[in-house]
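Below is one structure; the comments refer to it alone.
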Amino acid sequence: MQAWRVHRNGEPSEVMELEETDLPTPGEGQVLLKVRAANVNFPDALLCRGQYQVRPPLPFTPGVEICGETEDGRRVLATPALPQGGFAEYVVADEAAMLPAPDALDDAEAAALHVGYQTGWFGLHRRAHLQAGETLLVHAAAGGVGSAAIQLGKAAGATVIGVAGGPEKTAIARELGCEVVIDRRSEDIVAAVKEATGGRGADVVYDPVGGDAYAKSVKCIAFEGRVLVVGFASGDIPAPGLNHALVKNYSIVGLHWGLYNTKDPAAVRACHDELTKLAAQGVVKPLISERVPMADAARAVQRVADGTSTGRIVVLPSGGAR
(Lines give C-alpha, C1' and ligand atoms only; values in the text may rest on other atoms or scores of the structure.)
Protein backbone atom coordinates (compact mmCIF):
# COMPACT_ATOMS: atom_id res chain seq x y z
CA MET A 1 0.00 0.00 0.00
CA GLN A 2 0.97 3.67 -0.23
CA ALA A 3 1.70 5.71 2.88
CA TRP A 4 3.37 9.02 3.69
CA ARG A 5 6.30 8.50 6.05
CA VAL A 6 8.55 10.81 8.05
CA HIS A 7 12.18 9.64 8.50
CA ARG A 8 13.49 12.85 10.11
CA ASN A 9 11.87 15.80 11.81
CA GLY A 10 11.35 19.07 9.98
CA GLU A 11 8.83 20.97 7.88
CA PRO A 12 6.12 18.68 6.45
CA SER A 13 6.83 19.52 2.81
CA GLU A 14 10.49 18.60 3.33
CA VAL A 15 10.24 15.45 5.47
CA MET A 16 7.05 13.68 4.33
CA GLU A 17 7.79 11.02 1.68
CA LEU A 18 5.24 8.91 -0.19
CA GLU A 19 6.34 5.28 -0.09
CA GLU A 20 5.19 1.74 -0.77
CA THR A 21 4.88 -0.12 2.53
CA ASP A 22 3.36 -3.28 3.92
CA LEU A 23 -0.16 -3.27 5.29
CA PRO A 24 -0.16 -2.68 9.05
CA THR A 25 -0.96 -5.69 11.22
CA PRO A 26 -3.70 -5.28 13.83
CA GLY A 27 -2.73 -6.08 17.39
CA GLU A 28 -5.02 -7.33 20.12
CA GLY A 29 -8.21 -5.26 20.23
CA GLN A 30 -7.40 -3.53 16.94
CA VAL A 31 -8.92 -3.70 13.45
CA LEU A 32 -7.64 -2.99 9.95
CA LEU A 33 -9.43 -0.11 8.22
CA LYS A 34 -9.40 1.10 4.64
CA VAL A 35 -8.92 4.88 4.72
CA ARG A 36 -11.76 6.65 2.92
CA ALA A 37 -10.70 10.17 4.02
CA ALA A 38 -7.99 11.57 6.32
CA ASN A 39 -8.40 15.04 7.79
CA VAL A 40 -5.36 17.32 8.09
CA ASN A 41 -4.84 18.75 11.59
CA PHE A 42 -2.26 21.16 13.00
CA PRO A 43 -0.91 18.34 15.24
CA ASP A 44 0.15 16.57 12.04
CA ALA A 45 2.54 19.45 11.38
CA LEU A 46 3.77 19.32 14.96
CA LEU A 47 4.35 15.57 14.62
CA CYS A 48 6.50 16.20 11.55
CA ARG A 49 8.47 18.84 13.41
CA GLY A 50 8.91 16.65 16.49
CA GLN A 51 7.05 19.23 18.59
CA TYR A 52 3.87 17.33 19.48
CA GLN A 53 3.26 16.01 23.01
CA VAL A 54 3.45 12.51 21.51
CA ARG A 55 6.66 11.72 19.63
CA PRO A 56 6.31 8.47 17.69
CA PRO A 57 9.50 6.65 16.72
CA LEU A 58 10.94 7.36 13.28
CA PRO A 59 9.89 6.54 10.66
CA PHE A 60 6.17 7.21 11.19
CA THR A 61 3.08 8.15 9.21
CA PRO A 62 1.22 11.30 10.34
CA GLY A 63 -2.56 11.66 10.21
CA VAL A 64 -4.47 11.74 13.50
CA GLU A 65 -8.07 11.24 12.36
CA ILE A 66 -9.84 9.40 9.55
CA CYS A 67 -13.10 8.19 8.18
CA GLY A 68 -12.44 4.53 7.43
CA GLU A 69 -14.18 1.40 6.27
CA THR A 70 -14.24 -1.91 8.11
CA GLU A 71 -13.93 -5.27 6.39
CA ASP A 72 -17.71 -5.66 6.56
CA GLY A 73 -18.29 -2.25 4.91
CA ARG A 74 -19.17 -0.04 7.88
CA ARG A 75 -18.07 3.60 7.81
CA VAL A 76 -16.36 4.57 11.06
CA LEU A 77 -14.39 7.43 12.60
CA ALA A 78 -11.06 6.50 14.13
CA THR A 79 -7.81 7.89 15.44
CA PRO A 80 -5.15 5.60 13.92
CA ALA A 81 -2.58 4.00 16.17
CA LEU A 82 0.70 5.91 15.74
CA PRO A 83 3.34 5.43 14.40
CA GLN A 84 1.06 4.29 11.55
CA GLY A 85 -1.16 7.33 11.05
CA GLY A 86 -3.92 8.18 8.64
CA PHE A 87 -2.12 9.43 5.53
CA ALA A 88 -2.09 5.92 4.14
CA GLU A 89 -4.38 3.58 2.25
CA TYR A 90 -4.89 1.36 5.31
CA VAL A 91 -4.52 1.86 9.06
CA VAL A 92 -5.09 -0.05 12.27
CA ALA A 93 -7.18 1.44 15.07
CA ASP A 94 -8.43 0.41 18.50
CA GLU A 95 -11.81 -1.20 18.00
CA ALA A 96 -13.16 0.07 21.32
CA ALA A 97 -12.53 3.69 20.34
CA MET A 98 -14.11 3.57 16.87
CA LEU A 99 -17.29 5.58 16.33
CA PRO A 100 -19.94 5.26 13.62
CA ALA A 101 -19.67 7.88 10.88
CA PRO A 102 -22.79 10.10 10.79
CA ASP A 103 -25.05 9.35 7.83
CA ALA A 104 -25.62 13.08 7.33
CA LEU A 105 -21.96 13.68 6.44
CA ASP A 106 -19.88 12.52 3.48
CA ASP A 107 -16.50 10.87 4.03
CA ALA A 108 -14.49 14.10 4.05
CA GLU A 109 -16.91 15.85 6.42
CA ALA A 110 -17.04 12.83 8.71
CA ALA A 111 -13.24 12.66 8.87
CA ALA A 112 -13.23 16.26 10.11
CA LEU A 113 -15.92 15.80 12.76
CA HIS A 114 -14.01 13.84 15.36
CA VAL A 115 -11.06 15.64 16.97
CA GLY A 116 -11.96 19.28 16.24
CA TYR A 117 -15.62 19.04 17.18
CA GLN A 118 -15.00 16.86 20.22
CA THR A 119 -12.40 19.40 21.34
CA GLY A 120 -14.89 22.21 20.82
CA TRP A 121 -17.73 20.44 22.61
CA PHE A 122 -15.69 19.37 25.64
CA GLY A 123 -14.00 22.75 25.80
CA LEU A 124 -17.14 24.85 25.60
CA HIS A 125 -19.44 22.61 27.67
CA ARG A 126 -17.34 20.52 30.06
CA ARG A 127 -14.54 22.99 30.75
CA ALA A 128 -15.86 26.52 30.11
CA HIS A 129 -19.55 25.79 30.85
CA LEU A 130 -20.79 28.10 28.11
CA GLN A 131 -24.35 29.27 28.70
CA ALA A 132 -27.04 30.50 26.32
CA GLY A 133 -26.95 34.29 26.06
CA GLU A 134 -23.23 34.55 26.83
CA THR A 135 -20.64 36.00 24.46
CA LEU A 136 -18.05 33.64 22.97
CA LEU A 137 -14.84 35.00 21.42
CA VAL A 138 -13.23 32.59 18.94
CA HIS A 139 -9.68 33.07 17.66
CA ALA A 140 -8.59 31.61 14.29
CA ALA A 141 -12.28 31.67 13.40
CA ALA A 142 -11.82 30.61 9.76
CA GLY A 143 -9.70 27.55 10.60
CA GLY A 144 -10.83 24.01 11.24
CA VAL A 145 -10.80 24.27 15.04
CA GLY A 146 -12.25 27.78 15.11
CA SER A 147 -15.04 27.04 12.63
CA ALA A 148 -16.13 24.07 14.76
CA ALA A 149 -16.21 26.25 17.89
CA ILE A 150 -18.33 28.85 16.10
CA GLN A 151 -20.94 26.29 15.07
CA LEU A 152 -21.02 24.70 18.52
CA GLY A 153 -21.19 28.11 20.21
CA LYS A 154 -24.15 29.13 18.11
CA ALA A 155 -25.82 25.78 18.77
CA ALA A 156 -25.48 26.53 22.49
CA GLY A 157 -27.23 29.89 22.09
CA ALA A 158 -24.16 32.11 22.50
CA THR A 159 -23.38 35.34 20.67
CA VAL A 160 -20.18 34.60 18.75
CA ILE A 161 -17.39 37.06 17.97
CA GLY A 162 -14.86 35.70 15.49
CA VAL A 163 -11.26 36.84 15.04
CA ALA A 164 -9.51 36.11 11.75
CA GLY A 165 -6.71 37.57 9.64
CA GLY A 166 -7.48 39.23 6.30
CA PRO A 167 -10.56 39.74 4.09
CA GLU A 168 -10.84 36.12 2.89
CA LYS A 169 -10.83 34.65 6.36
CA THR A 170 -13.11 37.29 7.89
CA ALA A 171 -15.61 36.64 5.09
CA ILE A 172 -15.62 32.95 6.00
CA ALA A 173 -16.19 33.80 9.67
CA ARG A 174 -19.23 35.86 8.67
CA GLU A 175 -20.57 33.02 6.53
CA LEU A 176 -20.23 30.70 9.52
CA GLY A 177 -22.63 32.96 11.40
CA CYS A 178 -20.49 35.13 13.67
CA GLU A 179 -22.51 38.11 14.85
CA VAL A 180 -19.31 40.18 14.99
CA VAL A 181 -16.10 39.59 13.02
CA ILE A 182 -12.76 41.24 13.82
CA ASP A 183 -9.84 41.42 11.39
CA ARG A 184 -6.81 41.05 13.63
CA ARG A 185 -4.59 42.58 10.95
CA SER A 186 -6.41 45.90 10.77
CA GLU A 187 -8.55 46.19 13.90
CA ASP A 188 -7.93 46.51 17.62
CA ILE A 189 -9.27 43.24 19.05
CA VAL A 190 -9.63 44.54 22.61
CA ALA A 191 -11.47 47.72 21.61
CA ALA A 192 -13.72 45.85 19.17
CA VAL A 193 -14.74 43.23 21.75
CA LYS A 194 -15.49 45.86 24.36
CA GLU A 195 -17.54 47.87 21.88
CA ALA A 196 -19.51 44.80 20.79
CA THR A 197 -20.28 43.83 24.39
CA GLY A 198 -21.07 47.27 25.78
CA GLY A 199 -17.82 47.26 27.74
CA ARG A 200 -18.48 43.95 29.50
CA GLY A 201 -16.09 41.77 27.51
CA ALA A 202 -16.32 38.15 26.37
CA ASP A 203 -17.67 35.55 28.78
CA VAL A 204 -15.72 32.71 27.14
CA VAL A 205 -12.61 32.90 24.95
CA TYR A 206 -11.74 29.93 22.72
CA ASP A 207 -8.00 30.21 22.08
CA PRO A 208 -6.16 27.68 19.91
CA VAL A 209 -3.49 30.28 19.07
CA GLY A 210 -1.73 31.46 22.24
CA GLY A 211 0.82 34.24 22.09
CA ASP A 212 -0.63 37.65 21.25
CA ALA A 213 -4.16 36.22 20.97
CA TYR A 214 -4.05 35.17 24.61
CA ALA A 215 -2.53 38.48 25.72
CA LYS A 216 -5.35 40.43 24.08
CA SER A 217 -8.03 38.04 25.30
CA VAL A 218 -7.34 38.67 28.98
CA LYS A 219 -7.64 42.41 28.33
CA CYS A 220 -11.22 41.97 27.14
CA ILE A 221 -12.45 39.11 29.31
CA ALA A 222 -15.67 39.65 31.27
CA PHE A 223 -16.19 39.43 35.02
CA GLU A 224 -16.22 35.69 35.84
CA GLY A 225 -15.10 34.98 32.28
CA ARG A 226 -13.27 31.83 31.20
CA VAL A 227 -10.25 31.74 28.88
CA LEU A 228 -10.13 28.31 27.29
CA VAL A 229 -6.57 27.27 26.38
CA VAL A 230 -6.86 24.82 23.46
CA GLY A 231 -3.49 25.06 21.73
CA PHE A 232 -0.58 27.21 20.63
CA ALA A 233 -0.74 27.49 16.83
CA SER A 234 1.31 30.69 17.04
CA GLY A 235 4.21 28.72 18.54
CA ASP A 236 4.23 31.11 21.51
CA ILE A 237 3.11 29.57 24.82
CA PRO A 238 1.90 32.38 27.13
CA ALA A 239 3.00 32.76 30.74
CA PRO A 240 -0.24 33.88 32.45
CA GLY A 241 -0.11 36.61 35.05
CA LEU A 242 -2.01 34.98 37.88
CA ASN A 243 -2.26 38.31 39.71
CA HIS A 244 -4.14 39.61 36.67
CA ALA A 245 -6.57 36.65 36.81
CA LEU A 246 -7.11 37.36 40.49
CA VAL A 247 -7.72 41.09 40.11
CA LYS A 248 -10.10 40.72 37.13
CA ASN A 249 -11.79 37.59 38.53
CA TYR A 250 -11.52 35.31 35.49
CA SER A 251 -10.53 31.68 35.03
CA ILE A 252 -7.81 30.16 32.86
CA VAL A 253 -9.04 26.74 31.77
CA GLY A 254 -6.96 24.11 30.02
CA LEU A 255 -8.22 21.39 27.70
CA HIS A 256 -6.44 18.21 26.64
CA TRP A 257 -9.23 16.37 24.85
CA GLY A 258 -7.17 13.22 24.26
CA LEU A 259 -7.19 12.47 27.99
CA TYR A 260 -10.93 11.79 27.85
CA ASN A 261 -10.27 8.75 25.67
CA THR A 262 -8.57 7.08 28.63
CA LYS A 263 -10.08 8.91 31.62
CA ASP A 264 -13.72 9.00 30.52
CA PRO A 265 -14.36 7.15 27.22
CA ALA A 266 -18.11 7.04 27.92
CA ALA A 267 -18.16 10.84 27.75
CA VAL A 268 -16.47 10.72 24.34
CA ARG A 269 -19.18 8.41 23.02
CA ALA A 270 -21.93 10.56 24.52
CA CYS A 271 -20.41 13.61 22.87
CA HIS A 272 -20.31 11.78 19.54
CA ASP A 273 -24.00 10.94 19.89
CA GLU A 274 -24.74 14.63 20.44
CA LEU A 275 -22.58 15.69 17.48
CA THR A 276 -24.31 13.11 15.27
CA LYS A 277 -27.70 14.59 16.22
CA LEU A 278 -26.47 18.12 15.49
CA ALA A 279 -25.10 16.98 12.13
CA ALA A 280 -28.45 15.34 11.25
CA GLN A 281 -30.17 18.63 12.10
CA GLY A 282 -27.72 20.56 9.92
CA VAL A 283 -26.56 22.58 12.92
CA VAL A 284 -22.95 21.45 12.56
CA LYS A 285 -21.24 20.69 9.27
CA PRO A 286 -17.44 20.67 8.96
CA LEU A 287 -16.17 23.38 6.64
CA ILE A 288 -14.20 21.50 3.98
CA SER A 289 -12.20 23.94 1.87
CA GLU A 290 -10.37 21.31 -0.18
CA ARG A 291 -10.45 17.60 -0.93
CA VAL A 292 -7.01 16.59 -2.20
CA PRO A 293 -5.58 13.35 -3.61
CA MET A 294 -3.00 11.27 -1.76
CA ALA A 295 -0.13 12.80 -3.76
CA ASP A 296 -0.88 16.27 -2.36
CA ALA A 297 -0.91 15.33 1.33
CA ALA A 298 2.50 16.82 2.19
CA ARG A 299 1.61 20.15 0.58
CA ALA A 300 -1.70 20.14 2.43
CA VAL A 301 -0.04 19.58 5.82
CA GLN A 302 2.45 22.35 5.05
CA ARG A 303 -0.38 24.79 4.27
CA VAL A 304 -2.00 24.03 7.59
CA ALA A 305 1.39 24.43 9.28
CA ASP A 306 1.85 27.83 7.62
CA GLY A 307 -1.63 29.03 8.56
CA THR A 308 -2.62 29.74 4.97
CA SER A 309 -5.53 27.29 4.81
CA THR A 310 -9.16 27.84 5.73
CA GLY A 311 -11.56 25.30 7.18
CA ARG A 312 -10.37 21.74 6.72
CA ILE A 313 -8.24 20.12 4.02
CA VAL A 314 -9.01 16.42 3.66
CA VAL A 315 -6.86 13.80 1.93
CA LEU A 316 -8.69 11.18 -0.13
CA PRO A 317 -6.36 8.19 -0.69
CA SER A 318 -8.39 6.89 -3.64
CA GLY A 319 -8.46 10.37 -5.23
CA GLY A 320 -12.23 10.67 -5.32
CA ALA A 321 -14.43 13.61 -4.32
CA ARG A 322 -16.07 11.92 -1.34
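Predicted, not measured: the structure shown is a model, and the values here were computed from it. Residue numbers count from 1 along this sequence.
Under the side chain to side chain contact (heavy atoms under 4.5 Å, CB included) rule, I66 has a single partner from L77, T79, V91, which is V91.
A salt bridge does not link D273 with K277: every distance from a Lys NZ or Arg NE/NH1/NH2 to an Asp or Glu carboxylate oxygen is 4.0 Å or more. Salt bridge present: R5 and E19 bring a charged side-chain N and a carboxylate O closer than 4.0 Å. By the 4.0 Å N-to-carboxylate-O rule, R291 lies too far from D107 to be salt-bridged with it. The pair E89-K34 does not meet the salt-bridge criterion, since no charged nitrogen lies less than 4.0 angstrom from a carboxylate oxygen. A salt bridge does not link R269 with E274: every distance from a Lys NZ or Arg NE/NH1/NH2 to an Asp or Glu carboxylate oxygen is 4.0 Å or more.
Annotation: ring-ring contact (aromatic ring centres under 6.0 Å, His included) contacts involving residues 125-167, sequence neighbours excluded, comprise W121-H125. For residues 83-120, the ring-ring contact (aromatic ring centres under 6.0 Å, His included) pairs, not counting sequence neighbours, are H114-W257.
Applying the side chain to side chain contact (heavy atoms under 4.5 Å, CB included) rule to T308 yields the partners R303, D306; only residues at least two apart in sequence or on another chain are considered. With sequence neighbours excluded, no residue satisfies side-chain hydrogen bond (donor to acceptor under 3.5 Å, both in side chains) with N249. Partners of V76 by side chain to side chain contact (heavy atoms under 4.5 Å, CB included), not counting sequence neighbours, listed by chain and number: L33, T70, R74, M98.
Alongside V163, the hydrophobic cluster contains L137, I161, V180, I182, I189, V193, V205, Y214, V218, I221, V227, V229, F232, I237, L242, Y250, I252 (criterion: ILVMFWY side chains under 4.5 Å).
Under 3.5 Å, the side chains of Q30 and E95 contain no donor-acceptor pair of N or O atoms.
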*Please walk me through it: do L113 and R312 pass side-chain contact (heavy atoms from CB on, under 4.5 Å)?*
CA-CA 10 Å; L113 183 76; R312 291 294 192 184; over 6 Å; no
*asked:* Please determine whether salt bridge (Lys or Arg N to Asp or Glu O under 4.0 Å) holds for the pair R8 and E17, giving the CA-CA distance in whole Å, both sets of side-chain angles, and the decisive distance to 0.1 Å.
replied: CA-CA 10 Å; R8 59 185 176 87; E17 299 178 12; 5.7 Å; no
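For the pair E69 and R75, the minimum side-chain heavy-atom distance is 4.5 Å or more. Under the 4.5 Å side-chain criterion, counting only non-hydrogen atoms from C-beta, M16 is in contact with C48. The shortest side-chain heavy-atom distance between N261 and P265 does not fall under the 4.5 Å cut-off. Side chains of L316 and P293 form no contact here, defined as non-hydrogen atoms less than 4.5 Å apart.
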